[in-house]
Amino acid sequence: MVCGQRSGFGPDALPDVEPPQNLARPEAGRFIPELDPEYEGFLSLLMNLLIIEFRAEIGFANTQAIFRTPGLFKGLEQEAELAADIIGRIRRDEEIHVYSLRLYLGELRELHIKTLDGKLLAGADIIDRFWAGLVHWATVEQPQLAAEAQYSVIRGHIRDQAGSPAMAGEIQAAFDNLIDPRCNRQFATP
Ligand SMILES: [Fe+2]
């Protein structure tokens with residue numbers, strides 16, 4: 001957690017992280033072809049935001065738990081607690097987004113929505129279908145892609161900071177042992 005020059009890892013320990021350009025699911029094609037693209041875009045925005053909020057909440061909770069793991073930040077306990085506390089404030093600030101998005105989408109599920117051919121479709125049918133696809137992307141497809149991308153970054157850090165090729169090999173092997181055996185793809189090993 002970086003806060004100006006301060007960090008749970010010590011001053012200037014890590015560079016600031018560039019946030020990704022886009023956190024939503026890449027939109028390839030139509031998911032609700034029955035509706036005008038403008039309305040699909042509106043529903044897509046609300047649901048993508050809600051997924052982002054849920055995933056952020058998981059990330060916040062995990063990061064707080066790491067900062068509060070006894071013995072993990074030796075000599076930096078106060079900084080680590082401050083970082084965890086700041087994350088707690090962000091979590092509280094974000095809560096209202098989750099409640100409001102759930103409210104909007106819950107209300108929209110109760111409506112009937114006019115389709116392009118003049119019929120009426122239950123909002124729940126449209127929203128639940130889109131939501132199921134989004135959850136699959138966020139919990140199955142995207143984590144695998146993110147893990148693959150991060151693996152090569154971490155591999156580079158190990159190679160550059162291990163001190164010697166032999167030590168790098170040792171650390172890399174220990175790290176590889178942590179790979180979830182349920183992973184359905186092999187990580188690239190350049
Ligand atoms: Fe938010």
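Just so you know, residue 1 is the first one in the sequence shown, and it goes up from there.
Pairs of residues two or more places apart, or lying in two chains, that qualify as salt bridge (Lys or Arg N to Asp or Glu O under 4.0 Å) and include a residue from residues 48-62 are E57-R91. Within the structure, every pair that satisfies the side-chain hydrogen bond (donor to acceptor under 3.5 Å, both in side chains) test and touches residues 117-136, not counting sequence neighbours, is listed here: E34-R129, R109-D128, T115-D117, H136-E141. Within the structure, salt bridge (Lys or Arg N to Asp or Glu O under 4.0 Å) contacts touching residues 59-74 (residues at least two apart or in different chains) are R68-E81.
A salt bridge is absent between R89 and D93; no separation between the charged side-chain nitrogens and carboxylate oxygens falls under 4.0 Å.
By the 4.5 Å heavy-atom criterion applied to side chains, I127 and M47 are counted as neighbours. Within the 4.5 Å cutoff, the side chain of F130 has heavy atoms near those of the I32 side chain.
A donor-acceptor distance shorter than 3.5 angstrom exists from the side chain of Q64 to the backbone of A84, with no hydrogens or angles considered. T139 places a side-chain N or O within donor-acceptor distance of the main-chain N or O of V135, the cut-off being under 3.5 Å.
Dense packing is recorded around CZ of F60, with more than 12 heavy atoms of other residues, nucleotides or ligands lying under 6.0 Å away.
Listed by chain and number, the residues in a salt bridge (Lys or Arg N to Asp or Glu O under 4.0 Å) with R92 amount to none (sequence neighbours excluded). Remark: L111 pairs with L108 by the side-chain contact (heavy atoms from CB on, under 4.5 Å) rule, at least two apart or across chains.
Annotation: the span from L82 atom CG to F67 atom CZ amounts to 9.5 Å, rounded to 0.5 Å.
Between T69 and A65 the shortest heavy-atom distance is OG1-O, 2.7 Å.
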Between side-chain atoms of residues 99-107 and protein atoms elsewhere (two or more places apart, or another chain), which donor-acceptor pairs fall under 3.5 Å?
residue: S100; atom: OG; partner: I96; partner atom: O; Å: 2.9
residue: S100; atom: OG; partner: H97; partner atom: O; Å: 3.1

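In the hydrophobic clustering of this structure, L116 does not group with L35; members are Ile, Leu, Val, Met, Phe, Trp, Tyr whose side-chain heavy atoms approach within less than 4.5 Å, directly or through other members.
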